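It should be emphasised that the depicted structure is a prediction, and the values quoted were computed from it without experimental measurement. These numbers come from the heavy atoms of this one structure, side chains and all, not from hydrogens, waters or symmetry mates. Lettering follows sequence order; numbering is per chain, from 1.
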There are 2 protein chains.
Amino acid sequence: MEQNSRLEAASLTPGTVRPGGRTAKVRAAVLEATQEALIEGGFHALNLDRVAARAGVGKTTVYRRWGSAAGLVADLLRDMAEQSVPAADTGSLEGDLLANARLVHRTLTDPRMGPVFQAVIAAAACDEECARALNGFYATRIRAWAPCVERAAGRGDVPVGTDAGEVVRAVSAPLYYRFAVSREPLHEADAVRAAAVAVTAAKAGSFTRN
Amino acid sequence: MEQNSRLEAASLTPGTVRPGGRTAKVRAAVLEATQEALIEGGFHALNLDRVAARAGVGKTTVYRRWGSAAGLVADLLRDMAEQSVPAADTGSLEGDLLANARLVHRTLTDPRMGPVFQAVIAAAACDEECARALNGFYATRIRAWAPCVERAAGRGDVPVGTDAGEVVRAVSAPLYYRFAVSREPLHEADAVRAAAVAVTAAKAGSFTRN
DNA sequence: TTCCAAACGGGAATTCTGTTCCATTAGATG
DNA sequence: CATCTAATGGAACAGAATTCCCGTTTGGAA
């Protein structure tokens with residue numbers, strides 16, 4: 001019985017019974033190689049065979065543990081979600097949301113991070129598991145930045161009942177829209193405007209619940 | 001010389017020398033089949049072979065004229081950009097932007113159009129030609145809706161110098177952000193809020209140029 | 001109406017992607 | 001430190017995607 005369950009666990013998700021040492025090294029190398037491949041060729045060009053070669057790992061291992069291009073990206077997203085970046089606390093809603101807008105702008109225009117985000121958005125559009133992973137990634141980020149708005153509500157800068165998450169989303173949305181949807185170039189001014197619009201609307205009570 | 005240029009044109013872009021009759025029928029059938037395939041399986045599962053079969057067309061033709069999955073989507077996008085939908089004119093900025101927000105919401109949640117937009121966003125993230133085509137599609141839509149904001153400026157509802165395009169983008173952005181980036185469910189309330197936020201910020205002058 | 005070549009279509013040949021088998025390596029447990 | 005087996009890696013294999021070849025159809029100009 002006990003032996004059976006161990007066998008079952010192993011056959012279902014390789015890499016979970018012996019997570020230490022080699023297995024962890026392999027995962028790190030594969031995710032690193034995946035990210036490099038996404039930067040160079042995007043999601044469509046992601047190839048398990050080449051990822052394995054670049055990671056210096058047998059391709060059988062990659063096929064067994066991740067199964068598909070989408071599986072690789074989903075795992076990369078889970079890895080990315082764990083690396084938290086601290087939210088700002090400048091003392092004013094304007095300052096905090098501007099810091100957020102600049103961070104998003106800097107990330108999306110970064111020559112390495114930009115292509116990675118293009119790729120994970122594409123992967124999420126192609127695969128349900130990736131979509132859930134991407135959703136989790138942003139849920140984490142939104143939760144991390146919501147306190148900025150809650151502090152502003154505490155100071156009386158925005159109405160009580162303001163949906164903090166919605167305000168945070170409103171800052172990112174115009175930047176991601178240009179980046180992934182309308183495919184227009186992103187400028188610093190877009191980040192400044194996004195923050196300003198969110199602050200104005202929040203103070204006017206456009207984000208209150210109900 | 002003349003014969004040479006004709007030959008060259010034919011070898012470069014099949015379907016441009018004799019665009020009438022059969023060629024046009026084949027294109028229509030292939031783009032229709034492409035859309036159906038995207039609805040069913042998304043961009044990642046788009047297969048030139050199956051598209052050809054579904055369109056009732058030789059697969060050689062599809063490979064020759066479109067070359068790749070990205071080529072098919074890019075042409076589909078050019079076709080979609082040509083089909084214009086008229087913008088609203090309700091007499092108020094609130095009414096016009098709410099109509100726009102509802103239209104976007106309805107489109108993205110439509111069981112057929114939703115998957116198509118997921119697919120073209122994914123394709124644009126994978127391929128430069130698709131990215132340009134998608135950019136052209138939204139440039140057309142934004143241009144079509146900008147007059148709503150310009151009329152509001154004429155009425156004195158928003159400051160002179162308000163960037164009409166930016167206001168229109170601001171309405172779509174939160175909806176597309178949920179749809180394609182954070183992958184959260186879209187509700188009617190999101191559309192209403194998006195329109196309200198854009199109106200509030202526009203009236204406050206957050207979208208003025210310079 | 002006639003003619004020419006653009007565009008198409010079917011099938012073979014090729015290339016590339018993904019899968020399976022089995023021997024080898026190395027965590028974990030006592 | 002000995003043992004057991006999870007996890008890995010190389011190689012052969014199977015299957016799908018793409019290209020090539022060449023005959024057929026058809027749009028459009030004379």
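- Here the side chain of A:Gln118 pairs a donor or acceptor atom with the backbone of A:Phe179 at under 3.5 angstrom.
- Atom pair B:Leu72:CG and D:dA17:P shows a separation of 14 Å (rounding to whole Å applied).
- Counting only heavy atoms from C-beta on, A:Lys59 has its side chain closest to D:dA11 among D:dA11, D:dA17, D:dG9.
- Listed for the A:Thr90 side chain is a donor-acceptor partner under 3.5 Å among the backbone atoms of A:Ser92.
- Phosphate proximity of C:dG9 to B:Thr61: present, with a side-chain N or O under 4.0 Å from OP1 or OP2.
- Rounded to whole Å, the distance from CG on A:Leu48 to P on C:dC16 is 17 Å.
- Taking the six-membered ring where the residue is Trp, B:Tyr138 and A:Tyr177 present perpendicular rings, their angle passing 60° and hence far from 30°.
- Rounded to whole angstrom, the span from the NZ atom of B:Lys25 across to the C1' atom of C:dA6 amounts to 17 Å.
- Remark: P of C:dT17 and CG of A:Leu46 are 12 Å apart, rounded to the nearest angstrom.
- Looking at heavy-atom distances under 4.0 Å, A:Arg27 makes no contact with the nucleic acid at all.
- Using the six-membered ring where Trp is involved, B:Tyr176 and B:Phe117 have ring planes that are tilted, between 30° and 60° apart.
- Distance from the side chain of A:Tyr63 is smallest to C:dG18 among D:dA17, C:dG9, C:dG18.
- The minimum heavy-atom distance between B:Leu31 and B:Leu72, with the atom names listed, is CD2-O, 4.1 Å.
- Distance B:Asp49 CG to C:dG11 C1': 12 Å, rounded to the nearest Å.
- Proximity of A:Arg64 to the phosphate of D:dG9: no side-chain N or O atom is located under 4.0 Å from OP1 or OP2.
- The side chain of B:Arg22 has C:dA6 as its nearest neighbour among D:dA7, D:dT18, C:dA6.
- The phosphate of D:dA17 (OP1 or OP2) has a side-chain N or O of B:Asn47 nearer than 4.0 angstrom.
- Side chain of A:Thr60, nearest nucleotide from C:dT20, D:dT8, C:dA12: C:dT20.
- Note: CZ (A:Arg65) to C1' (D:dA6) measures 11 Å, nearest angstrom.
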